[in-house]
2 protein chains.
Amino acid sequence: MQIEKLDTSLLKKYESRVAILKAMAHPTRLYILDILKEGTMCVCEIDRLIDSDTSTISKHLAVLFNAGLVSREKKGLNVFYTLETPCLLLPFKCLEKENNV
Amino acid sequence: MQIEKLDTSLLKKYESRVAILKAMAHPTRLYILDILKEGTMCVCEIDRLIDSDTSTISKHLAVLFNAGLVSREKKGLNVFYTLETPCLLLPFKCLEKENNV
DNA sequence: ACACTATTTGGCTATATTACCAAATATGCA
DNA sequence: TGCATATTTGGTAATATAGCCAAATAGTGT
């Protein structure tokens with residue numbers, strides 16, 4: 001099988017994937033993605049589950065939003081976040097199988 | 001469903017996953033993982049496919065190795081790298097489906 | 001031992017990421 | 001209008017990451 005060299009156009013493909021991986025690559029954000037699997041949640045609820053400054057959590061949510069991993073909707077004073085890409089959380093299950101964990 | 005707070009022990013789980021995501025979160029490394037799907041390859045072969053300093057490539061390989069994503073074996077002058085976790089590359093296919101790409 | 005090749009390591013600078021605090025913004029209600 | 005609550009934004013210091021160069025290491029053959 002012929003392997004393509006890493007040129008500019010191929011690089012673009014990987015860069016878009018990297019954007020997703022970077023957005024996921026933080027324990028708090030991975031946790032947020034995980035709890036959003038249970039359903040839409042407002043910032044205040046997420047805040048209660050995580051022992052960090054609210055502004056820090058808000059910034060993590062912004063990272064996830066900018067990467068397209070979650071969507072958000074404002075309702076009154078609250079902002080509700082929804083998981084958009086449940087797929088992304090699958091590989092870890094798969095990994096655990098590979099390692100017979 | 002009851003959601004667990006992000007405490008120290010839960011954090012540990014996510015940190016180990018983050019280590020994997022961080023190792024993947026670079027275009028060159030993602031490319032390397034992709035080409036290693038085709039089979040074991042020595043550094044010199046990988047080097048030929050990527051237009052970067054060999055030392056940079058070697059460092060990327062070290063990152064992948066330290067995260068357990070690839071293994072390596074020295075044979076004479078060459079070091080051969082092998083993909084250990086093909087699973088990890090699946091979610092992107094899944095994503096493309098979700099987005100109807 | 002010497003020269004040659006493949007790979008890794010160390011050092012440096014530039015850039016990116018994170019967390020906390022304070023302040024700003026937006027909404028709802030009296 | 002004025003106040004309270006929810007969320008975001010800006011600033012800043014600490015830490016981590018990336019890429020290049022030079023040098024070190026390791027193996028092979030003469």
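Protein chains get the first letters and strands the later ones, always in sequence-line order, with residue 1 at the start of each.
You'll find a donor-acceptor pair under 3.5 Å spanning the side chain of B:K59 and the base of C:dG10, going by distance alone. Residue side chain A:S52 does not reach the base of C:dC20 through any donor-acceptor N/O pair under 3.5 Å, judged by distance alone.
As a whole-Å value, the separation of A:K22 NZ from C:dT18 C1' is 13 Å. Rounded to whole Å, atom P of D:dT7 lies 16 Å from atom CG of A:L64. Atom CD1 of B:I57 is separated from atom C1' of C:dT8 by 13 Å (rounded to the nearest Å). The nearest whole Å value for the distance from the CD atom in A:E15 to the C1' atom in D:dA18 is 14 Å. A:E73 places its CD atom 14 Å from the P atom of D:dT7, with the value rounded to the nearest Å.
Note: A:H26 and A:H60 have tilted aromatic rings, judged against thresholds of 30 and 60 degrees for the angle between ring planes.
Non-hydrogen atoms lying under 4.0 Å from DNA chain C are contributed by nothing in residues 26-33 of chain B.
Residue B:R72 has a polar side-chain atom (N or O) positioned under 4.0 Å from OP1 or OP2 of C:dT8. Taking 4.0 angstrom as the limit, B:H60 places a side-chain polar atom (N or O) nearer than this to OP1 or OP2 of D:dG19. Regarding contacts with the backbone of D:dG19, every side-chain N or O of B:T56 stays at 4.0 angstrom or more from both OP1 and OP2.
B:Y81 comes within contact range of the sugar-phosphate backbone alone, with a heavy-atom separation under 4.0 Å but no base atom that close.
Contact check for A:L6 versus B:D51: no side-chain heavy atoms found under the 4.5 Å cut-off.
In this structure, B:K74 and B:D51 both approach DNA chain D, and ranking their closest nucleotides by distance from the 5' end singles out B:D51.
With a 6.0 Å radius and a threshold of 12 heavy atoms from other residues, nucleotides or ligands, A:K5 has its NZ atom above the threshold.
Across all non-hydrogen atoms, the minimal contact from B:A23 to B:R29 is O-NE, 2.6 Å.
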Considering only distance and modelled atom types, tabulate donor-acceptor pairs under 3.5 Å from the side chains of residues 66-79 of chain B, sequence neighbours left out.
| unit_1 | atom_1 | unit_2 | atom_2 | d |
| --- | --- | --- | --- | --- |
| B:N66 | ND2 | B:A62 | O | 3.0 |
| B:S71 | OG | B:E84 | OE2 | 2.8 |
| B:R72 | NH1 | B:Y81 | OH | 2.9 |

